[in-house]
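No experiment lies behind these values; they were computed from the predicted model shown. If you read the sequence from its start, that first residue is 1, and numbering goes on from there.
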Amino acid sequence: MREIHDLLEKTFQKLPQMALEKRLAQKMQEAGLSVSATKLSQAAQHILGGSREPFTLDETVNDCSIQITSDDLEYVIKTTERFYNEQAGTVIDEVSDKIAQNLLISLSKKWPVEFEAQRVEVGEFKERLENRWGEGLNKLRMLLTVVREWAQGVHERKHSVSSGQPSHLDDVLLRLHVRACQITNEIIVLLENGYADGAMARWRTLHEITIVAAVIVKYGEGIAERYVHYQIVESFSALKAYERNHTALGFKPVSKRQAAKIGRDYKGTLQRFGKSFGDEYGWAAHHLNVTGRQRITFSRLEEEAGEAIMRSPYKMASYNVHASPKGIYFKLGSLSGSPVLLAGASNAGLMDPAQHTAVSLAEMTLLIIGNSSILDDIVTGKVVANLERAIPMALEKAHRKLKRDDERYKKGISTNDD
């Protein structure tokens, strides 16, 4: 792309010469002279070069002299300025359009080879990452497999006992657990591809799910029922946002019948559960004794769940969810002191999101198991607890080795991993 910039720069630099050549051609025509384009160009360069010596054309038929006055120079300046103001944008658009088309055609032709090279490079990177972090990641994969298979058995058992109509508590907890398993799988995909910051951002959601589940377990069926009905509040909020913006977005309005139903459901829900039910986290307002103008925050839910200690990691995870300055200056995937701006994958920084994920998924599972006397639940709980302890140790081992290897690399000592 630098070549494109240089080409345009050279073109604009020639504008004064082109304007002067036009002026010289007019003067010579008035003097009855016929001069080649080459001689015109040489004459213009001679004048613009600042020389005060006469310039001889050697092609004149009659003896005469042509002088360049201040009016001529003013003409050159104004012609050049007028081109910049009126034509430069058009020229740049036309040139850039053509260059962009040619560049896209060229890239399309070369892309299969380029993609294959990238695929091989990614495969080699993943292999190196697995060699370094594989022990910890495999234990995390094992944890996910254990709790997912256990959850399937719990789902079948609960539905069998309840004849397909589980309590609000059982239904909500099982659905939260299923979502926790899905998010854990997403985190593992991000980790094994070297995206620690993305994995940390997804753990943020997993942590929220675990906290919500803990609060619901603490207060039981009543709060679970409120949590289910809170969907109506979310639907009403979404309707209001859609009504404000659908015209600007070019979307059709919600039908009057559907809007009226959502409005009635919302009004009836507030009449049933109270005005504070319509606020953020309103499903927990009654059980947390929220009154008046008080509002529930997520940090309040963390305290209620006994997880206030996780406020700091949660805040760190938030940096890469929002457009915060910290999110662009701090990266888990960048080794300490690295001047590189990370725009892709890295084998650094996997420890925190991986171990937080293990803890959250384990806690989510143990919440549901509770004090169950069923053998399958008891055994699963012990396996989960053992993996929850083992995963951080394996990750810490890989993290320490990475730091040692990085220090050796900076000292010019080769390593076998990267």
Intermediate values then yes/no, side chain to side chain donor-acceptor pair (under 3.5 Å), W150 and D377: CA-CA 8 Å; W150 165 82; D377 293 347; 2.8 Å; yes
N320-K331 side chain donor-acceptor pair, cut-off 3.5 Å: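 Side chains of N320 and K331: pair found under 3.5 Å.
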Donor + acceptor pair across side chains of E302, H207 (<3.5 Å):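 Yes, side-chain donor-acceptor contact under 3.5 Å.
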Evaluation steps, salt bridge (charged side-chain N to carboxylate O under 4.0 Å, His left out), between K158 and D171: CA-CA 9 Å; K158 296 279 186 182; D171 185 54; over 6 Å; no
Atom CZ of R295 with >12 non-hydrogen neighbours under 6.0 angstrom: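 For R295, atom CZ is crowded (more than 12 foreign heavy atoms under 6.0 Å).
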Neighbour count above 12 (heavy atom, 6.0 Å) for F273 CZ: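 Enclosed: over 12 neighbouring heavy atoms sit under 6.0 Å from CZ of F273.
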C181 vs N185 side-chain heavy atoms within contact, under 4.5 Å: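 No - every pair of side-chain heavy atoms lies 4.5 Å or more apart.
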Any I188 side-chain heavy atom under 4.5 Å of L144 side chain: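 I188 reaches L144 side chain to side chain.
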[X] bridged to [Y] by N-O distance under 4.0 Å:
| X | Y | result |
| --- | --- | --- |
| E407 | R404 | no |
| K218 | E304 | yes |
| R272 | E225 | yes |
| R141 | E130 | yes |

Worked check of side-chain contact (heavy atoms from CB on, under 4.5 Å) between L191 and L140: CA-CA 11 Å; L191 290 171; L140 182 57; 4.1 Å; yes
